[in-house]
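Report on the structure given below.
Throughout, a chain's letter reflects where its sequence line sits, starting with A, and its residues are numbered from 1.
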Number of protein chains: 6
Amino acid sequence: MLKKLLITGATGNLGAVCRERLKPIAETIRLSDRPGADLGQAAPHEELVPCDLGDKAAVEALVEGCDGIVHMGGQSVEANWDTVRNANIDGVFHLYEGARKSSVKPRIIFASSNHAIGYYKQTQRLDANSTPRPDGLYGVSKVFGEAMASMYHDKYGIETASVRIGSCFPEPKNHRMLSTWMSFDDFMQLIERVFMVPRLGCPIVYGASANGASWWDNREVAYLGWQPKDNAEQFRAKIDAEMDPPPADDVNALYQGGAFCGDGIHED
Amino acid sequence: MLKKLLITGATGNLGAVCRERLKPIAETIRLSDRPGADLGQAAPHEELVPCDLGDKAAVEALVEGCDGIVHMGGQSVEANWDTVRNANIDGVFHLYEGARKSSVKPRIIFASSNHAIGYYKQTQRLDANSTPRPDGLYGVSKVFGEAMASMYHDKYGIETASVRIGSCFPEPKNHRMLSTWMSFDDFMQLIERVFMVPRLGCPIVYGASANGASWWDNREVAYLGWQPKDNAEQFRAKIDAEMDPPPADDVNALYQGGAFCGDGIHED
Amino acid sequence: MLKKLLITGATGNLGAVCRERLKPIAETIRLSDRPGADLGQAAPHEELVPCDLGDKAAVEALVEGCDGIVHMGGQSVEANWDTVRNANIDGVFHLYEGARKSSVKPRIIFASSNHAIGYYKQTQRLDANSTPRPDGLYGVSKVFGEAMASMYHDKYGIETASVRIGSCFPEPKNHRMLSTWMSFDDFMQLIERVFMVPRLGCPIVYGASANGASWWDNREVAYLGWQPKDNAEQFRAKIDAEMDPPPADDVNALYQGGAFCGDGIHED
Amino acid sequence: MLKKLLITGATGNLGAVCRERLKPIAETIRLSDRPGADLGQAAPHEELVPCDLGDKAAVEALVEGCDGIVHMGGQSVEANWDTVRNANIDGVFHLYEGARKSSVKPRIIFASSNHAIGYYKQTQRLDANSTPRPDGLYGVSKVFGEAMASMYHDKYGIETASVRIGSCFPEPKNHRMLSTWMSFDDFMQLIERVFMVPRLGCPIVYGASANGASWWDNREVAYLGWQPKDNAEQFRAKIDAEMDPPPADDVNALYQGGAFCGDGIHED
Amino acid sequence: MLKKLLITGATGNLGAVCRERLKPIAETIRLSDRPGADLGQAAPHEELVPCDLGDKAAVEALVEGCDGIVHMGGQSVEANWDTVRNANIDGVFHLYEGARKSSVKPRIIFASSNHAIGYYKQTQRLDANSTPRPDGLYGVSKVFGEAMASMYHDKYGIETASVRIGSCFPEPKNHRMLSTWMSFDDFMQLIERVFMVPRLGCPIVYGASANGASWWDNREVAYLGWQPKDNAEQFRAKIDAEMDPPPADDVNALYQGGAFCGDGIHED
Amino acid sequence: MLKKLLITGATGNLGAVCRERLKPIAETIRLSDRPGADLGQAAPHEELVPCDLGDKAAVEALVEGCDGIVHMGGQSVEANWDTVRNANIDGVFHLYEGARKSSVKPRIIFASSNHAIGYYKQTQRLDANSTPRPDGLYGVSKVFGEAMASMYHDKYGIETASVRIGSCFPEPKNHRMLSTWMSFDDFMQLIERVFMVPRLGCPIVYGASANGASWWDNREVAYLGWQPKDNAEQFRAKIDAEMDPPPADDVNALYQGGAFCGDGIHED
């Protein structure tokens, strides 16, 4: 059991799920999001610590003393460069510097993204050894984060699971998500496994349920003992009824990153 | 849902299964077999179009207007060269020329065969990247068909799933088929998936159920979302009771293609 | 069904399990262990033949006439060199010479061990093509045995399944065994499959149940049709309750071979 | 040294080179081309045997008694189907039937082509395990020929080297050929090696010189001892002086098959 | 021949070499370095444009109109985060935005570094598919740059060769450089090839000469036609005479990144 | 430079070559062979220490104080089990125990053999990751030795290069040796590199010159900087003149181990 688990990005959808469901794995949960975000009331086992990820000193203070970190904070979709850089470039550096300097060496789950490999085709099979192929500035920032995790592991022994999250929602919303969906249950089980396995190393994990139409192979990280239970196929009929599949030459049918692979996303 | 699905080889065993079970996926089903074959009565949603695959004009007319094709027509076991060439060499060329010239670009399921890779040993594991190793003239004709499919995809954008069918029968008939069996249910689900996936590409699929003793790995085509449900192991006790397994040095124990790998099959 | 199955190491824990459960696959079972070991009373279908594996003539007599051998005899944990050599080096040579000279060509299950690959890290994924990385004299002797099996297969056609047994106990005893455990049921099913498959070849099989946290991939030997049913995850909560997991820098968390990877084991 | 070497396609450019340079490796050379082609005068060590590859009996007579065959006959560029089929489909079948029935088991060099893999991109690296990706009817016919060679090897023990010839001319003629060029010297050395190696098997060989800008890796057939000596780079300056390189989006810059990868080549 | 070649980092050692030697491949060379650096006198074919890579508008103006870019500007060794980020994170983004907006689509050589993969061991063999393993903030910034290049290629068609430069000096200076050295001649030949090949794509190239003791395999980019001529072995005796090799447990003997893999480099 | 280099098997052909040529790399050379072998006169820089490899105490004394070992002692061709075991099983264990206990940690060259992988076909390409496939008791003993080296490296940090020697003679003697030959010059250069490289690890090296018809790929150990210079092709014409090549179905044409792959070699 963790002494103190830091959850960044705690007011997001996934943050709220983590806040509720990860209670059993930590004595104290420190919840953070950007200053001004509504973190609500702190329960007795909670600490609320708003923090701008671009503020190095603040992030280092945020990380201090935590033995577990679920880093979902930062920019989570494509955006202009200043936004991406502040949250996902500087922010990740600050987080790892905090981890390095902390009195307790934390284990980290880094919310990477399928957009780090978004330009692979949907007919390709990827695993942990697939080289990056980001689909935008956001995706590039996730490759950066994975590289930072790798370096702090090799140089300082800080263990991170970089989870290339597909689509983590209550249920898949379109045909592409039949391949990329990760249920909350499966994600929570993954988080547990990452914190419980005696030795983590610095793995790349594809964050998806046991979907029938998967593009991703987690064989290389079987040692984690993560066994996702859900399968997006149970929602296929519903999605088929609600919408047409994308045309075969649409980016949503062609690339793993879907709409992020369209042209001109980050004009500024 | 398809507008018009062409099923060739419609009077064969598999053809009859397709005729009945694929009703829900197409508005109209055009059924074909060689002239003189008994196609029975046309149901209201059916068209009966006898056709010699060796007749180019006839095949082009047959294909015209169909947006889906299940090509099971042709010679389906080893035979002399004239028979194999007429049906499986010329016939396949005619089919693809028809597809290229058609007013509607069809998606195609090409009934390839395990005999395209029949000379691999039963102790070897194959996947979609395994190079051909045909076990007779019939197997060579299937390699030819896969190559034709590949070329029409690269050059004209016609998508084909080449299915290296193992043994598609109501149940496995001998020990070898415990590895190669594909149930009708699983094959029908595969056909559905091939027509429903937004983008197909031009994959090689091994046509076998989820058999416990499989030689084939469909990992590379997981994106299809095909999840076979049956397992030939349920028939093992029955087969063990009915017959002895083949001796260890018998072609039925040695090669994936089984009896087709014997010498002298196509003497003429 | 086998005519005569030889089980060596019959008084060990696994030997006792085999003695009871393998009754249905052989007409006669010949049970052996070192002279002086208590083999108990022979049932009507049993023969009791004590034998020192270091005695060539005796081993050859032991093997004569058997069409199946489960070779679990020999030294089964790290020991000094004389012990390991007598049982696992000389003993294995004697066994294969016996097999070569026997009037009946036997099929063999060789109880190899995870300690043949013990120095791989727990974060690595192995399969049948992984090169050896033994963790002690015992592990080296198992590499030797696998090599002997390979040579007698290539030169004399004797088929062996070398099973790199993980941890075969009624249930896993510690966190490492959540990855390495093989249930008795799964092992017995493996033995059956090895003797029943028409052609065995000379495969390397990882002897573990369908554990959620597995390090080993048996994909290359799927042709055996072995489908382990058990999963050590069912014991995780119990083990978590009974003991702390090993620290991340402990050999039990770092290497697949666990405690065997400590320094100085075989001093003599 | 061969007793009788058959060279088909003997009036072609390559045929003429072979006719002259292969003298030292055979006692007798049987030269063939389609009826009506000008085979010139027979030297004392030569036999001239015109033959239509589409005529089974004639081809079988042609092959009879030859212990070596260099099969360069057939259609050597894209053409309409009837032409390709007669020469490269039927013709190859006839050749292999002749080899099977011959009183002498011949070793064969089959002139396959880079157009069997023409749709791979020029930025991709291929080797003998690369699956086919033909770029037209001609390319498909070469895949067929390789499959036929493979089958006759596995079933009848006839050894063939399938040589995926790049561009075999006195010198490269354009920028693409800086990658695909094979000098006559290097080709002749390959032919010698194929006939001299004690055991050939049935390899796929890429027919190119030791070009600095190669796309192809012959590592898998190093056992042949073929060491090409020439390098198309010596002609780069000349080609640069004579012509512009193709634009980056031209099929001559994009695909290995070059111009054959354009659309609509085989309209008929 | 290029119309206008931009060389950033032009006052560095490599910049000076490029300035002199790349004259023949461009009509005009635009030379840039940080404001205040001494770019010397402009020759008639030269333009001198000082520019802070952290200044987006300035970089975009710098890039405008250039059809070739050799991007050696930026921080070239480990440094504190602000320095690395300004030059190598922001700077690279600015460069690619400039390329995207430019009236001429440039082809780019991105000076990546062996420090992008520095934590691989010296006993490991890498190729273009090896995943990143950076050895410090500098190395992480190079992984970022490679990812940015990949994304601008996939999304906007801008071609980049990311060159993981080893050690580019007049001669190797220590034992590690016997593996990592790239001569100026070989680098200049690489630059030429990158600009001359009709289609570049977005390759990863290891920037080293044909060293006898290489760790890196450029097989995947053989299509470039780059044939390095030099071999660091010619300097081995000299280095052996001048210094002892590093001890076996020194980072200079253990890791490919050498001294960069020491602990605590980027404290700030 | 080494302080004291131990050469075992010093009276053999290779031993004599080493004795003479390795003078420059060690201050003192300790020469050993079985008691009774004629080690001749000791030069001033030499020590002569006869030793039975089966005598543990004697071997430990032999190894004491040496910082380099070239272990060519032991049985070097197929023999009966007692001979092989004494020299190559016990002998290797004794050597490594000696190395472990020595006051100086030695670096070791272990003379393994192509017979550790002799049952691979001559048409197969091997590298350092190829799993063992020994061709006799001698070959099995070499697999054992490689495993022992691996274990002492992982457990005790003793570095060994296991060299799978092909055929080390003044020149190749038959057609098979055109693939397996290693010249004395190339072997001596390999030994030098093994002792000079700062970090050796525990590599598998194929001991063959740069033969044109090689079966073996040393790519994985390029970091050693070994660049063999000789090529058996220079002797091809001579061998062709002296003897016929083996028939295609002879073990000398079929298997890498050649005559060792015949049946019945180690009868006793």
Self-check item: Heavy-atom contact with chain B under 4.5 Å, split by part of A/Glu233
Solution: side chain
Quiz item: In residues 169-204 of chain A, which residues are in contact with chain B at a heavy-atom separation under 4.5 Å?
Solution: none
Quiz prompt | Spatial distance of atom CD (B/Gln227) from atom OG (A/Ser214) [nearest 0.5 Å] | solution = 10.0 Å
Quiz prompt | B/Glu20 CD: over 12 foreign heavy atoms closer than 6.0 Å | solution = no
Quiz item: Hey, is CG on B/Asn13 packed in by over 12 heavy atoms from elsewhere, all under 6.0 Å?
Solution: no
Quiz item: Non-hydrogen atoms of chain B under 4.5 Å away: do they reach the side chain of A/Asn231, the backbone, both or neither?
Solution: side chain
Quiz item: Considering only heavy atoms, which portion of A/Asp240 lies under 4.5 Å from any heavy atom of chain B: side chain, backbone, both, or neither?
Solution: neither
Quiz item: Say you draw a straight line from OH of B/Tyr223 to CD of A/Gln124; how long is it, rounded to the nearest 0.5 Å?
Solution: 10.0 Å
